[in-house]
Amino acid sequence: MTESVIEIKHPLMQHKLTLMRCKETTTDNFRRLLREISQMLAYEVTRDLPLENVRIETPITAIDAPTISGKKLCVISILRAGNGILDGMLDLLPNARVGHIGLYRDPETLEPVEYYFKVPEDMAERLVIVVDPMLATGHSAAAAITRIKMRGATSIKFVCLLAAPEGVKHLQAAHPDVPILTASIDQCLNEHGYIVPGLGDAGDRLFGTK
Ligand code: URA
């Protein structure tokens with residue numbers, strides 16, 4: 001793995017991730033934990049945002065104090081499980097614009113098929129954070145990023161909860177300019193395209209559909 005993949009080893013995040021992996025964890029707890037971890041992922045993915053000083057007055061004195069400058073943010077959720085990360089990200093980044101991309105995996109080929117695409121117009125002006133809890137084969141993430149680039153985005157980061165080494169390899173090969181942030185790089189994919197040990201189907205667990 002190259003340094004363009006960052007595995008965040010914060011103890012709080014690892015603890016919450018373990019709770020998410022447990023098959024007994026209820027839908028409401030799963031959703032809350034993903035939201036909490038996503039707030040931490042938002043903290044990490046914005047770590048290198050540029051700052052500029054502005055003149056302010058505290059009740060005591062005037063100072064030059066740092067504020068975020070540079071590109072505005074856009075968070076793009078890969079439907080539907082991406083919405084679980086989106087909620088936590090927006091807790092921390094309330095001014096970010098939001099886009100959605102609908103892709104499903106063809107069960108035979110495991111290739112992504114697009115059914116929805118809606119993103120802000122000024123993509124070239126923004127740092128784009130693409131979110132999906134599970135980086136499995138990497139095909140959906142790579143296809144989503146290709147579409148986003150076609151809309152003019154040049155500054156893109158990918159954030160997931162779990163990544164399979166296969167997915168990381170595929171995404172890096174397709175988009176070497178896009179850094180990947182994750183809470184864990186797991187062992188492998190199984191024959192059904194699920195991450196091992198993983199946490200099962202993130203969308204089903206998030207929305208209670210199974
Ligand atoms: N999508 C999921 O929800 N889980 C996996 O393990 C892989 C892809």
Side-chain angles (χ1 to χ4, degrees), residues 1 5-8 13-41 45 75-89 99-117 129-148 157-175 178 180-210:
M1 303 293 167
V5 184
I6 299 168
E7 196 179 11
I8 300 155
M13 199 178 297
Q14 296 301 311
H15 178 84
K16 288 174 190 291
L17 180 55
T18 297
L19 296 176
M20 290 188 75
R21 290 185 193 271
C22 290
K23 64 179 182 185
E24 291 85 12
T25 297
T26 58
T27 300
D28 60 337
N29 279 334
F30 188 91
R31 195 179 293 147
R32 178 182 52 77
L33 288 160
L34 181 56
R35 189 170 187 138
E36 290 170 358
I37 291 181
S38 302
Q39 292 167 358
M40 295 183 238
L41 290 167
V45 76
V75 184
I76 298 196
S77 164
I78 301 181
L79 298 173
R80 67 182 162 149
N83 282 1
I85 294 195
L86 178 64
D87 288 342
M89 289 254 162
H100 294 90
I101 300 185
L103 296 164
Y104 68 86
R105 279 199 300 177
D106 184 295
E108 300 289 308
T109 64
L110 303 183
E111 290 293 326
V113 182
E114 183 179 307
Y115 64 89
Y116 188 80
F117 186 82
I129 302 167
V130 182
V131 300
D132 190 350
M134 312 300 270
L135 180 62
T137 62
H139 290 191
S140 297
I145 290 169
T146 299
R147 289 284 281 122
I148 292 162
K157 296 186 181 194
F158 182 81
V159 173
C160 59
L161 183 65
L162 298 186
E166 296 90 331
V168 171
K169 198 169 158 204
H170 183 83
L171 187 53
Q172 282 184 325
H175 298 289
V178 175
I180 302 167
L181 267 89
T182 183
S184 175
I185 300 171
D186 275 14
Q187 285 163 24
C188 61
L189 291 179
N190 69 15
E191 66 276 23
H192 305 292
Y194 280 92
I195 297 175
V196 180
L199 49 70
D201 187 300
D204 281 339
R205 296 201 62 193
L206 186 58
F207 298 113
T209 40
K210 229 176 223 168

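Order of appearance sets the numbers: ligands from 1, and atoms from 1 within every ligand.
Using a 4.0 Å heavy-atom cutoff, Gly193 is listed among the residues neighbouring ligand 1.
A side-chain donor-acceptor contact under 3.5 Å links Arg31 to the backbone of Leu206. The backbone N or O of Leu189 lies less than 3.5 Å from a partner atom in the side chain of Glu166, making a donor-acceptor pair. A side-chain donor-acceptor contact under 3.5 Å links Gln14 to the backbone of Ile8.
Residue Ala202 touches ligand 1 through backbone and side chain together, judged by heavy-atom distances below 4.0 Å.
Residue pairs meeting the salt bridge (Lys or Arg N to Asp or Glu O under 4.0 Å) criterion with at least one member in residues 130-140, sequence neighbours excluded, do not occur.
Protein heavy atom at the shortest distance from atom 6 (O) of ligand 1 is Ile195 N, 2.7 Å. Nearest protein heavy-atom neighbour of atom 5 (C) of ligand 1: Tyr194 CD2, 3.4 Å. Given atom 4 (N) of ligand 1, the protein heavy atom at minimum distance is Gly200 O, 2.8 Å.
The pair Arg80-Asp204 meets the salt-bridge criterion, with a side-chain N (NZ, NE, NH1 or NH2) lying under 4.0 Å from an Asp/Glu carboxylate O.
Below 4.0 Å from some heavy atom of Ala136 lie the following atoms of ligand 1, by number and element: 7 (C), 8 (C).
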